[in-house]
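As a basis for the values below, the full set of heavy atoms in this structure was taken, side chains included, without hydrogen atoms, waters or symmetry mates. Just so we're on the same page: letters track the sequence lines, and every chain starts at 1.
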Number of protein chains: 2
Amino acid sequence: MGRVSQSHALPEPDPGPAQARGLRAQKKHQTRLAMHRAALELVVEKGLSGVTAQMIAERAGVSTRTFFNHWATKESAILGVVGDEGIRAVASLREKLEEMEARDALRAVLREGIANIPVDPGLRDLKKHVMAEEPSLQLISSGNLHAMQNELVDVIEEALDGEYARDHAVILVQVSFALTRSAFAISMRRGIDLVRAFDQVIELYDSGEFNR
Amino acid sequence: MGRVSQSHALPEPDPGPAQARGLRAQKKHQTRLAMHRAALELVVEKGLSGVTAQMIAERAGVSTRTFFNHWATKESAILGVVGDEGIRAVASLREKLEEMEARDALRAVLREGIANIPVDPGLRDLKKHVMAEEPSLQLISSGNLHAMQNELVDVIEEALDGEYARDHAVILVQVSFALTRSAFAISMRRGIDLVRAFDQVIELYDSGEFNR
DNA sequence: CAGAGATGTTGCATTGACTGCACTATTGCA
DNA sequence: TGCAATAGTGCAGTCAATGCAACATCTCTG
């Protein structure tokens with residue numbers, strides 16, 4: 001009965017994709033996946049606005065309350081957001097900044113980031129389809145990126161000099177994220193791998209067509 | 001919380017800032033402004049999550065229902081969203097594309113767009129303060145831009161040639177919006193005019209620091 | 001200037017996202 | 001086996017948002 005509820009019990013991030021330590025963690029991850037899958041399927045069937053949290057919970061075989069114990073919002077269940085990527089990205093950026101230019105470091109981090117997006121193979125196509133159909137989800141998805149932007153700006157600012165260090169950092173981050181978003185769009189449209197699209201975008205961009 | 005309403009009977013945009021035709025339209029605009037002001041004040045006082053639509057309506061002297069007749073969401077009342085900018089932007093872009101390069105045309109349109117953001121002088125500082133305090137509003141704000149992005153991409157694609165016309169267009173639009181967002185951030189931080197910030201960002205960007 | 005139609009405002013009822021709380025059910029571990 | 005930790009659940013409640021129907025207030029026309 002010792003309900004020592006700590007912080008506002010926000011929906012915790014997912015520990016690991018597959019190799020869960022205990023039986024307990026395994027089950028949890030399983031439940032989570034079931035909800036994510038159910039969410040995707042239902043959105044395909046009925047469209048985003050035609051799906052309620054209750055439906056998703058029901059199909060996944062859990063209570064509505066449990067659903068919201070796992071996901072902060074209906075949309076995050078659909079997107080299958082993990083959460084702690086921001087922290088890793090910042091750490092990764094710090095390391096890279098010691099051996100390369102800010103621009104390249106940032107690009108590398110973003111490339112890493114999108115390469116590590118965990119997608120259950122069975123859900124890959126489903127998710128792609130949903131994302132293509134529901135633009136507002138794209139927006140939310142890039143909104144998740146938004147959260148880490150400021151932190152990245154801070155880190156990069158430290159690595160730059162001059163009066164306009166922060167302005168530089170801001171622009172650099174914004175533009176880099178813009179390229180990432182472009183990669184998302186192009187990947188979706190052409191049906192190609194996201195990382196591949198990212199590389200193509202970088203190449204196109206660096207070709208200089210955009211600076212005159 | 002995170003509602004992403006896809007309203008059908010959308011609350012109509014505001015006809016004109018000041019010189020409203022009839023008495024009716026005048027009153028309407030007045031009501032609208034009262035709500036916008038109330039929303040901003042309350043957010044300053046209690047924070048975004050501490051404010052309910054009811055509170056805003058009450059302070060503005062209207063019913064809750066009326067509140068939602070004017071604004072699609074609580075947040076749009078705070079931001080004072082007008083709405084029909086997208087249409088104007090697209091038309092404007094079409095014109096400009098006939099006399100200048102895609103990049104410059106797009107920049108010009110964006111510059112126009114931010115220059116025309118209607119802000120009641122009395123609310124300017126209030127809004128700036130609120131935007132600085134509540135990052136999630138910034139996100140929503142740029143989300144509004146998001147809607148017109150695809151249309152702009154379409155228009156620009158027509159103006160470009162080659163196999164990669166659309167990819168070019170996507171990247172161009174994304175990057176240009178990134179610069180605009182940067183201008184927002186910098187304008188906020190330095191407390192300078194948005195258009196001025198935009199010009200500075202463009203200058204900084206074109207200086208070439210970002211392409212090597 | 002009267003009356004009809006258009007438009008703004010409101011109350012009411014309802015749906016659906018989310019949250020806090022108290023409680024039960026499992027699981028991990030000593 | 002016994003107990004602490006943690007996942008899952010039911011319930012009640014808040015708040016955003018919407019449809020609907022009644023009502024109030026212009027606006028415009030004959």
Just how far, in rounded Å, is [atom2] of [N] from [atom1] of [X]?
{"X": "B:Glu58", "N": "C:dT9", "atom1": "CD", "atom2": "P", "value": "17 Å"}
{"X": "B:His29", "N": "D:dC26", "atom1": "NE2", "atom2": "C1'", "value": "18 Å"}
{"X": "B:Gln30", "N": "D:dC26", "atom1": "CD", "atom2": "P", "value": "12 Å"}
{"X": "A:Met35", "N": "D:dG8", "atom1": "CE", "atom2": "C1'", "value": "10 Å"}
{"X": "A:Glu75", "N": "C:dG16", "atom1": "CD", "atom2": "P", "value": "14 Å"}
{"X": "B:Leu48", "N": "D:dA16", "atom1": "CG", "atom2": "C1'", "value": "12 Å"}
{"X": "B:Phe67", "N": "C:dT9", "atom1": "CZ", "atom2": "P", "value": "13 Å"}
{"X": "B:Asn69", "N": "C:dG11", "atom1": "CG", "atom2": "P", "value": "12 Å"}

Taking only the side-chain nitrogens and oxygens of [X], find out if one of them lies under 4.0 Å from OP1 or OP2 of [N].
{"X": "A:His70", "N": "D:dG8", "answer": "yes"}
{"X": "B:Lys27", "N": "D:dT25", "answer": "no"}
{"X": "A:Thr66", "N": "D:dG8", "answer": "no"}
{"X": "B:Thr31", "N": "C:dT9", "answer": "yes"}

Is the base of C:dG8 touched by the side chain of B:Arg65 through a donor-acceptor pair closer than 3.5 angstrom?
-> no
Is any side-chain N or O of B:Arg32 under 3.5 Å from a base N or O of C:dG8, one able to act as donor and the other as acceptor?
-> no
Charged N to carboxylate O below 4.0 Å: is that the case for B:Glu41 and B:Lys46?
-> no
If you only use heavy atoms from C-beta on, which nucleotide in [options] is closest to the side chain of [X]?
{"X": "A:Thr52", "options": "C:dG16, D:dT9, C:dT10", "answer": "C:dG16"}
{"X": "B:Lys28", "options": "C:dC18, D:dC11, C:dG8", "answer": "C:dG8"}
{"X": "A:Ser63", "options": "C:dA17, D:dG10, C:dT9", "answer": "D:dG10"}

Ignoring hydrogens and geometry, is there a side-chain-to-backbone donor-acceptor pair from A:Glu134 to A:Gly47 under 3.5 Å?
-> no
Min side-chain heavy-atom separation A:Leu152-A:Phe177 under 4.5 Å = yes
Would you mind reporting whether A:Thr73 and A:Phe68 have side-chain heavy atoms less than 4.5 Å apart?
-> no
Test B:Lys74 against every option in B:Leu79, B:Leu48, B:Val43 by the side chain to side chain contact (heavy atoms under 4.5 Å, CB included) rule and name the one that passes.
-> B:Leu48
